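Report on the following structure.
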Protein chains: 2
Amino acid sequence: MKSGGVAEKPMAEKQAEEKSTGRARGIDRVIALMEHLHSRRAPTRIADIARDTGTPRSTMYELVNTLVEARWLELRDGDGTVYFGPAMHYYGSDYLDSVDLIRKARVEVAHIAETVGETAQFCTLEGDKYLVVLNEPGRRMFRISSEIGIKVPIPWTASGRLLVDHMSADEILRFIPPDDFVLPDGRRIAQDEFLEDIRRARTQEYVRTTALVDRFTTCLAAPVRDPAGRCIATICFVVPADTTEEAQQVMIDTLKASAERLSPGR
Amino acid sequence: MKSGGVAEKPMAEKQAEEKSTGRARGIDRVIALMEHLHSRRAPTRIADIARDTGTPRSTMYELVNTLVEARWLELRDGDGTVYFGPAMHYYGSDYLDSVDLIRKARVEVAHIAETVGETAQFCTLEGDKYLVVLNEPGRRMFRISSEIGIKVPIPWTASGRLLVDHMSADEILRFIPPDDFVLPDGRRIAQDEFLEDIRRARTQEYVRTTALVDRFTTCLAAPVRDPAGRCIATICFVVPADTTEEAQQVMIDTLKASAERLSPGR
DNA sequence: ACCGTTTGTCCGAAATATCGGACGTTATTC
DNA sequence: GAATAACGTCCGATATTTCGGACAAACGGT
């Protein structure tokens, strides 16, 4: 077997079965299936999906067949594993084109990633989590797998500090789940430093963070604001921490210009 | 109402109901729903979707609610219309990243679109139709709406001439539905000219077409070939027909270089 | 202001899709 | 090479989801 074998993630079937009986609608099982694939982000064997989503095996086989036929899913490798199919890309592209801000952001992100040569992203909030919506790898491309659509705690990111800057300190601390201040390596982000970052961000109109999620990475982010001045999204660079200060200043100016162009109603 | 009102497309419910009774599984209704949205490529009212897909109204409302909750769909405008939601983008991105050739093609297409400044695309065959998989608008950006995932007759395109160049003349004419030689404006593409285009393409390793689908547009395409020499995809530019010959030569060279880099096993 | 049309919700009935388990086949382990 | 585990398919029963139609509210044209 090429993938790491049996995964032990007992979190996927949260709401797989909520009522009393184990029986569920096909569509609900399909939604659980797709969410599971997205969270694993790798081709997965059908039996594993069935187990991890709490779906009966026979049902899962039946549904997967249907979805493969519709090209929502694709059989991968020898066979035995499935992953997303081309139909998802088509529908996803339709979504991107249908949202004005995202369509414009795509142009900006592609442009600055190409000209600067570093990975650029466009991010928003979804609920109380931070989310990468667009990702354009730079020439370096040291991070291969996309994080698009993966929810991340707000304090882990530079953009997160901008996306909550319309709230008061109290509101912010009530808004963000306390556990989200703990980084993947176990370090805890001090709340007062976090709030100070946000305060500074409001005047500087950009945020820089270093060695947060990843020890050797710096994030630079600028806010996209609605006419009321509220940060509705961010555009950012993800660069090696040893990037020179001058280069970073250029990037910050680039980000501010792009963010300005993206801010609606100007 | 902002859209053209009631649409009269009696083709969407092809296989909406195939058996005898009108009853169908939820998942099949959802697949029909998504395909319908993709073919319309615009936010659509729920009742219209129900009618055009042959789904009972009450069923469609039920399903749409479920899908909106899962963020597969989004309510648009005031309300009343639905379209694809962010989840489709996330799943679609996962698909793009999971296919090696497409992941590489994304880099190439973005790069040449940025440097040349014209719209670049990456295309393949799906069944007997041509299909845009990636589309990166140039600076001009005169065509806004994406055609990603929309099936187009092979003879209408420059890329199509490359994608069938491994077949004999007979095979090609058997492969392409006869109606596909008729352009949107009613003109008919002569089969011998079409075959001659393909023959020339094989030696030149690129194709140029002008004023085919669109009177003022020229397409330039180069083949991505597998180790056996078979064209498995194309990379192309879509430019105004009055682009100078010198500029077009530069683009052809650019395409050939990119196509070469994308061709597996070299 | 009137009236016809459309929207969105609710309900009971019944057609059927989901489920569990069994079975033959293929892969993996020792 | 035998034993064990996993894979994928099939089948009948029943719990459930789909469906049609009815209804109130909102809309829109005259």
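Since the model is a prediction, treat every value here as computed from it, not as a measurement.
Between B:Arg225 and B:Asp165 there is a salt bridge, since a side-chain N of the basic residue sits under 4.0 Å from a carboxylate O of the acidic one.
Formation of a donor-acceptor pair under 3.5 Å by the A:Trp72 side chain with backbone atoms of A:Pro86 is not found in this model. A side-chain donor-acceptor contact under 3.5 Å links A:Arg161 to the backbone of A:Pro155.
A sub-4.0 Å separation between OP1 or OP2 of D:dA6 and a side-chain N or O of A:Arg45 is absent. Contact annotation: B:Tyr61 side-chain N/O to C:dG8 OP1/OP2 distance is under 4.0 Å.
Counting to the nearest Å, the P atom of D:dC27 and the CD1 atom of B:Ile46 are 15 Å from each other. Per the geometry, CG belonging to A:Asp48 stands 13 Å off C1' belonging to D:dA5, to the nearest Å. The CG atom of B:Asp28 sits 13 Å away from the C1' atom of D:dT17 (whole-angstrom rounding).
Direction of the helix axis in the helix from C:dA1-D:dT30 to C:dC30-D:dG1 shifts by 60° between the two five-pair termini, rounded to 10°.
Nearest approach of A:His38 to A:Ile148, heavy atoms of both residues: CE1-O, 3.3 Å.
With rounding to the nearest 0.5 angstrom, the CG atom of A:Leu131 is 10.5 Å from the OG1 atom of A:Thr157. Here the straight-line distance linking atom CG of B:Leu33 with atom CE of B:Met60 works out to 5.0 Å at 0.5 Å rounding.
Applying the 6.0 Å contact sphere to CD of B:Glu171 captures more than 12 heavy atoms from other residues, nucleotides or ligands.
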task: Starting at the 5' end of nucleotides 17-25 of chain C, put B wherever the base has a protein heavy atom under 4.0 Å, S where only the sugar-phosphate does, and a dash everywhere else.
output: BBBBB----
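Judged as a side-chain hydrogen bond (donor to acceptor under 3.5 Å, both in side chains), and not counting sequence neighbours, the contacts of A:Ser98 are B:Arg76.
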